[in-house]
There are 2 protein chains.
Amino acid sequence: MAARALLEEEGEEALTMRSLAERLGIKAPSLYKHVSGRQEIETLLAAEALTEMGETLANESGLEAMGRAYRTWALDNPALYRVATTRPLDRENLTPGLEDAAAAPLLEALDGDRNRARAFWALAHGLVLLELDGRFPEDADLEAAWAAGLG
Amino acid sequence: MAARALLEEEGEEALTMRSLAERLGIKAPSLYKHVSGRQEIETLLAAEALTEMGETLANESGLEAMGRAYRTWALDNPALYRVATTRPLDRENLTPGLEDAAAAPLLEALDGDRNRARAFWALAHGLVLLELDGRFPEDADLEAAWAAGLG
DNA sequence: CATTCTTGGCTAACTGTGTTAGCCTCTATC
DNA sequence: GATAGAGGCTAACACAGTTAGCCAAGAATG
């Protein structure tokens, strides 16, 4: 999707119907001939992101490596990460099983312990969001914070 | 602030310059005689929220109790929680020390270990956001996830 | 071959957002 | 009593998502 490039090149704010249309050499209303609205675009982006994040985690073994990979992916795709994780998911229009598939590698690494998997996910999500939002002090040692969290 | 009531009664979307003005019996442009813009309102709300969250945590002792209190406060004030925690903080216009004061109780409970404090914060933040965004399955045992995370 | 339908573009326009410019009135102060 | 400031107001702008309705090119069908 062209939306992704726009998102990452210009930032989250820049993903507007008109700018996306312009990038496609089209006028905004024409977008609605292909897509039902902004919501659907975000859902498509979220699906792409979840798939990719799942694959990224599947390539790692061990919680520490997964944490590192999670963070790296998020910092490399900050706007997409936000779109995919900081809104309610439109599960109606998401290919079924996609969410589970994205979570599978982590769940496996934790021997199927869903509670620990959720806690890990929340920890990683929180650390990433706080970092992206500049909520930690400039001099914070985030590597150490991750290490502390995974202990 | 009247903005807070509006925020919690009607949801985050409902906090608009015009609706806030209307609640104050005023027209939107008149707001700018009191406030520099939406940004400043959000900063004021964030300050209020941070103060309150700090006090809430200060009333608890032990990580588990703090976690419970954190979650409860966030679920009781979801829109305000978001405004206060999911954006970059405008530190220029925030009374100095406020951030540290809000974090102090937690830091103390962790014997001054900043890394563990950041990890705890991130865990709590992540759990709360994922819950607020409906990202966990309907039947997820979030109490257990919190417990797993604090272990 | 002619007709019809579908696809995918377009312009114009509506509502709602934050915000600015400029005016006017009341009230306190010298 | 003149004056300055505080705090209202209306009108307007740019930009957001979105809808309605038109039109042209190509596919499908008689």
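Chain letters run A, B, ... following the sequence lines, proteins first and then strands; every chain starts at 1.
- Residue B:Ser30 places no side-chain N or O under 4.0 Å from the OP1 or OP2 atom of D:dG7.
- Within a heavy-atom distance below 4.0 Å of DNA chain C, the residues of residues 17-27 of chain B found are B:Met17, B:Arg18.
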Q.
Would B:Leu106 and B:Tyr70 count as a side-chain contact (heavy atoms from CB on, under 4.5 Å) here? Give the steps.
A. CA-CA 11 Å; B:Leu106 175 59; B:Tyr70 189 100; over 6 Å; no
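- Using a 4.5 Å heavy-atom cutoff, the side chains of B:Glu131 and A:Arg118 are not in contact.
- Annotation for A:Glu12: atom CD counts as buried by contact number, over 12 foreign heavy atoms lying within 6.0 Å.
- Tested against B:Asn77, the residues B:Glu48, B:Arg82, B:Arg4 include a single side chain to side chain donor-acceptor pair (under 3.5 Å) partner, B:Arg4.
- No continuous path of hydrophobic side-chain contacts links A:Leu107 to A:Leu63 [ILVMFWY only; heavy atoms under 4.5 Å].
- In this model, the phosphate group of D:dC15 is not approached by any side-chain N or O of A:Thr16 to a distance below 4.0 Å at OP1 or OP2.
- Linking Ile, Leu, Val, Met, Phe, Trp and Tyr whenever their side-chain heavy atoms come within less than 4.5 Å puts B:Leu132 and A:Tyr81 in one cluster.
- Note: CD (A:Glu13) to P (C:dT17) measures 17 Å, nearest angstrom.
- Pairs of Watson-Crick or G-U wobble type, with distances under 3.5 Å, assemble into runs of 3 or more in DNA chain D at these ranges: C:1-30 with D:1-30.
- When the salt bridge (charged side-chain N to carboxylate O under 4.0 Å, His left out) test is applied to B:Glu108, no partner is found at least two apart in sequence or on another chain.
- Side-chain atoms of B:Glu10 and B:Ser19, non-hydrogen and from C-beta on, never get closer than 4.5 Å to each other.
- Remark: the B:Thr51 side chain and the B:Glu55 side chain contain no N/O donor-acceptor pair separated by less than 3.5 Å.
- Residues meeting the side chain to side chain contact (heavy atoms under 4.5 Å, CB included) test with A:Ala46, sequence neighbours left out: A:Ala84, A:Leu89.
- By the 6.0 Å contact criterion, CD on B:Glu13 is open, its count of non-hydrogen atoms from other residues, nucleotides or ligands being 12 or less.
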Extract from the structure each pairing of a protein N or O with an N or O of nucleotides 25-28 of chain C at less than 3.5 Å, listing the distance.
none

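- Side-chain nitrogen and oxygen atoms of B:His34 include at least one within less than 4.0 Å of the OP1 or OP2 phosphate oxygen of D:dG8.
- One can place CG of B:Leu31 at 13 Å from P of C:dT17, the figure rounded to the nearest angstrom.
- When the C1' atom of C:dG18 is taken as reference, atom CG of B:Leu15 falls 12 Å away, rounded to whole Å.
- Computed from coordinates, the B:Arg38 CZ to C:dT19 C1' distance equals 13 Å when rounded to whole Å.
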Q) What does nucleotides 20-26 of chain D look like as a protein-contact string, B for base, S for sugar-phosphate only, - for none, at under 4.0 angstrom between heavy atoms? A) B------
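- B:Leu142 is not listed as a side-chain neighbour of A:Asn115, based on a closest heavy-atom distance of 4.5 Å or more.
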Q: Verify side-chain hydrogen bond (donor to acceptor under 3.5 Å, both in side chains) between A:Thr43 and A:Gln39, making sure each step is shown before the conclusion.
A: CA-CA 6 Å; A:Thr43 301; A:Gln39 164 71 45; 3.1 Å; yes
